2 protein chains.
Amino acid sequence: MTPDDATIAAWVALATTSRELLERAERALKSEGHPPLAWYDALLAVEKAGPGGIRPVALKDRLLLPQYGTSRLLDRMVRAGLLERRPCPGDARGQVIVPTAAGRAQRAAMWPAYARFLAAEIGERLDPGEAAELARLLDKLRGAAG
Amino acid sequence: MTPDDATIAAWVALATTSRELLERAERALKSEGHPPLAWYDALLAVEKAGPGGIRPVALKDRLLLPQYGTSRLLDRMVRAGLLERRPCPGDARGQVIVPTAAGRAQRAAMWPAYARFLAAEIGERLDPGEAAELARLLDKLRGAAG
DNA sequence: CCGATATAGATGCACATGCATCAACTTGCG
DNA sequence: CGCAAGTTGATGCATGTGCATCTATATCGG
């Protein structure tokens, strides 16, 4: 029942490393006057969805956010002029999210800082083989459902 | 300047896996009526500090929390009767944190649920060699400073 | 010993999050 | 069709977090 040492070490390393790196990523963006990481992810997901836009329901799954979290993130980003809510053709309950020109520009503006962060914090510390192995182990850990 | 694919894959896997697992850990504890994970970590750190207790300044480094976050976490845990603030001998600005009997009991009560979570989510999915390798790669990633 | 500077910890304010619930609409079943 | 059940998205309320700043004490340089 008690987890073995390697399990505990992996857990501790996962918790601490992810905390630290996410923290550094947020700071890297904020220090250049950019919005939080979550906005980048949202903009990217919306852009990748193509011209039809994306439903908030779908977005929440991609972003691993709770429903109300998604609703409010969209509120803020719409208020900031980066996204637009449109009525959803074929489902009057729903809506469809599309990026504005400012939204696309914002994401593009964030990328260099983000890329620099990734190169410095990961690219510099792990060679590609190690990075791939790390991704493999993490994906294995993520498993299917909870 | 643009990070290679393996770097990006590692980053995405790190962000998503840590989010999901931390989320599941919180749910596992909450579903049995326990306080959040951070309380476990704090109780453990305070207990491990020994009879002299621990300074909030030291605690904040161990828990990777900002100073004000530590201050407020301690507020809540003191209010809940799990920790006690004592004047710090030799530094009248400071204080020393010690666990109450209820605090020790709370941590002990949380451990089975936590251990079950770790065994199920990590022990079952990675063999000890993989877990150790994961810990090694993550520690490498954590690096020294930002 | 005194004043400048640094460190420990708390806190007011704005904003973000979790939880529960709601209103609107859609779907499936008799 | 018509009603029960499910899905989409929003929101009131309590709580948590980030930021800046404040107070009190400690330390260091002269």
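Note on naming: letters A, B, ... go to the chains in the order of the sequence lines (proteins, then strands), and numbering restarts at 1 for each one. Any value given below was found using the heavy atoms of this structure, including those in side chains, with hydrogens, waters and symmetry copies removed. From a predicted model like this one, the values you see are computed outputs, not experimental measurements.
Between the side chain of A:Arg142 and the main chain of B:Thr16, no donor-acceptor pair closer than 3.5 Å is present.
Here A:Arg72 pairs with nothing under the side chain to side chain donor-acceptor pair (under 3.5 Å) rule; sequence neighbours left out. Partners of A:Glu32 by side-chain contact (heavy atoms from CB on, under 4.5 Å), not counting sequence neighbours, listed by chain and number: A:His34, A:Ala113, A:Arg116. Residues forming a side-chain contact (heavy atoms from CB on, under 4.5 Å) with A:Ala102 (at least two apart in sequence, or on another chain): A:Leu82, A:Thr100. For B:Asp5, there are no salt bridge (Lys or Arg N to Asp or Glu O under 4.0 Å) partners two or more places apart in sequence or in a different chain.
Axis deviation across the helix from C:dC1-D:dG30 to C:dG30-D:dC1 amounts to 20°, comparing end segments of five pairs, rounded to 10 degrees.
Comparing A:Arg79 and A:Asp91 by the nucleotide of DNA chain C that holds the closest heavy atom to each, the one mapping nearer the 5' end is A:Arg79.
A straight line from CE of B:Met77 to P of C:dA10 spans 14 Å, rounded to a whole angstrom. One interatomic measurement links the two molecules: CG of B:Leu73 to P of D:dT15, which rounds to 16 Å at whole-angstrom precision. Separating the CG atom of B:Leu65 from the P atom of D:dC19 is a distance of 14 Å, rounded to the nearest angstrom. In this structure, B:Arg19 atom CZ and C:dG18 atom P are separated by 8 Å, rounded to whole Å. For the pair B:Ile97 CD1 and C:dG9 C1', the interatomic distance rounds to 10 Å; values are reported in whole Å. For B:Arg86 and C:dG9, the CZ to C1' distance is 19 Å, given to the nearest whole Å.
Against DNA chain C, the stretch residues 40-63 of chain B makes heavy-atom approaches under 4.0 Å through B:Arg55, B:Pro56, B:Val57.
Put simply, CD on B:Glu26 and CZ on B:Phe117 are 9.5 Å apart, with the number rounded to the nearest 0.5 Å. Here B:Leu21 contributes atom CG and A:Leu141 contributes atom CG; the two are 5.0 Å apart, rounded to the nearest 0.5 Å. The distance from atom CG of A:Leu59 to atom CD1 of A:Ile54, rounded to the nearest 0.5 Å, is 5.0 Å. One distance of note links CD of B:Gln95 with CG of B:Leu74; it measures 7.0 Å at 0.5 Å rounding.
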N/O-N/O pairs, protein side and nucleotides 19-23 of chain C side, under 3.5 Å:
{"residue": "C:dC19", "atom": "OP1", "partner": "B:Lys30", "partner atom": "NZ", "Å": "2.9"}

Protein-nucleotides 1-6 of chain D N/O pairs under 3.5 Å:
{"residue": "D:dG6", "atom": "N2", "partner": "A:Arg93", "partner atom": "NH1", "Å": "3.0"}

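Contact annotation: B:Arg85 reaches the phosphate of C:dA10 (side-chain N/O to OP1 or OP2, under 4.0 Å). Look at B:Ser71 and you'll find a side-chain N or O under 4.0 angstrom from OP1 or OP2 of C:dA10.
Looking at heavy atoms from C-beta onward, B:Leu118 lies out of side-chain contact with A:Thr2 at the 4.5 angstrom threshold.
Within the 4.0 angstrom heavy-atom criterion, only backbone atoms of the sugar-phosphate kind lie near A:Gly94; the bases stay farther away.
Pairs passing the side chain to side chain donor-acceptor pair (under 3.5 Å) check and including a residue from residues 38-67 of chain A, sequence neighbours excluded, read A:Tyr40-A:Arg107, A:Glu47-A:Arg107, A:Arg55-A:Asp91. Within the structure, ring pair (Phe, Tyr, Trp, His ring centres under 6.0 Å) pairs that include any residue of residues 62-113 of chain B comprise B:Trp111-B:Tyr114 (at least two apart or interchain). Under the salt bridge (Lys or Arg N to Asp or Glu O under 4.0 Å) criterion, the residue pairs touching residues 80-89 of chain B are B:Asp75-B:Arg85, B:Glu84-B:Arg86, with sequence neighbours excluded.
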Which donor-acceptor pairs under 3.5 Å do side chains of residues 126-140 of chain B form with protein atoms, sequence neighbours excluded?
{"residue": "B:Asp127", "atom": "OD1", "partner": "B:Gly129", "partner atom": "N", "Å": "3.0"}
{"residue": "B:Asp127", "atom": "OD1", "partner": "B:Glu130", "partner atom": "N", "Å": "2.9"}
{"residue": "B:Glu130", "atom": "OE1", "partner": "A:Lys140", "partner atom": "NZ", "Å": "3.1"}
{"residue": "B:Glu130", "atom": "OE1", "partner": "B:Asp127", "partner atom": "N", "Å": "3.1"}
{"residue": "B:Glu130", "atom": "OE2", "partner": "A:Lys140", "partner atom": "NZ", "Å": "2.7"}
{"residue": "B:Glu133", "atom": "OE1", "partner": "B:Arg136", "partner atom": "NE", "Å": "3.2"}
{"residue": "B:Glu133", "atom": "OE2", "partner": "B:Arg136", "partner atom": "NH2", "Å": "3.3"}
{"residue": "B:Lys140", "atom": "NZ", "partner": "A:Glu130", "partner atom": "OE1", "Å": "3.0"}
{"residue": "B:Lys140", "atom": "NZ", "partner": "A:Glu130", "partner atom": "OE2", "Å": "2.7"}

